[in-house]
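Taking it in order: structure first as structure tokens, then the write-up.
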Amino acid sequence: AQSVAQPEDQVNVAEGNPLTVKCTYSVSGNPYLFWYVQYPNRGLQFLLKYITGDNLVKGSYGFEAEFNKSQTSFHLKKPSALVSDSALYFCAVRDYGSSNTGKLIFGQGTTLQVKP
Amino acid sequence: NAGVTQTPKFRILKIGQSMTLQCTQDMNHNYMYWYRQDPGMGLKLIYYSVGAGITDKGEVPNGYNVSRSTTEDFPLRLELAAPSQTSVYFCASSLSGTDYGYTFGSGTRLTVV
């Protein structure tokens, strides 16, 4: 069965330091992977995706993610964190259970807290 | 360009009442989804649709119904509301079912008392 896991409920980082939010996945085929961000009382916003190609994917707001097939991971990174990056982050993987439905399986979310 | 619009933003229901959560998108997306978000649980898929007239169950469909009479609208119906349906509900749409991400609405916070 397909699944995605975010092993950390919360990540704390000081402003200006690099940040990493971890995600691991399990799929039966080639993984289609996504990161979304949710600010308080808002809907989720798309950050970036990996479909194929370069293992380092660049997205919105200076975020990037590194796809590692051997470790089945897709960690979200940013070289220098901002207080405004504080939010809830979700990793998601395409559900291969039914072809071409676009269904995504979401992780449980990781709260990122960036302190001044 | 409004994107995905959900109404209402907040609602309190009594046990046994019914209501419809509205979702409309103006991007001509064929694919639409309803998720519920519970603390620490991520998002769970309730129902989805790959085009007008086509709907299917997701992971947690019990207690809900949907319809998709037009490309733009994908309402979610709650019949006989129960406390277990207290949650935040998100509607999302996508251009295709393969490699496109979702556009989400701003959510409906529902409390059943």
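- Clustering ILVMFWY residues whenever any of their side-chain heavy atoms sit less than 4.5 angstrom apart, transitively, puts B:Met19 in the very cluster that holds B:Val66.
- Side-chain heavy atoms closer than 4.5 Å link hydrophobic residues (I, L, V, M, F, W, Y) into clusters, and following such links, possibly through other members, connects A:Phe46 to A:Ile51.
- Contact annotation for B:Leu45: only side-chain heavy atoms (C-beta onward) come within less than 4.5 Å of a heavy atom of chain A.
- From B:Tyr31, atom OH reaches atom NZ of A:Lys103 across 12.5 Å, with rounding to the nearest 0.5 Å.
- Within a 6.0 Å radius of CG in A:Asn30, no more than 12 heavy atoms belonging to other residues, nucleotides or ligands are found.
- Applying the 6.0 Å contact sphere to CZ of B:Arg77 captures more than 12 heavy atoms from other residues, nucleotides or ligands.
- The shortest distance between side-chain heavy atoms of A:Ile105 and B:Glu59 does not fall below 4.5 Å.
- Proximity to chain B (any heavy atom under 4.5 Å) is restricted, for A:Gln38, to the side chain, taken from C-beta onward.
- Annotation for B:Ile12: atom CD1 does not count as buried by contact number, only 12 or fewer foreign heavy atoms lying within 6.0 Å.
- One hydrophobic cluster, built from ILVMFWY side chains closer than 4.5 Å, holds both A:Phe34 and B:Phe104.
- For the atom pair OG1 of A:Thr101 and CG of B:Asp56, the computed distance is 8.5 Å after rounding to the nearest 0.5 Å.
- Rounding to the nearest 0.5 Å places CZ of A:Phe106 at 6.0 Å from OH of B:Tyr102.
- Taking CD of B:Gln37 as the reference point, atom CG of A:Leu88 lies at 6.5 Å (rounded to 0.5 Å).
- Separation of atoms CG (A:Leu44) and OH (B:Tyr35) is listed at 10.0 Å; rounding is to 0.5 Å.
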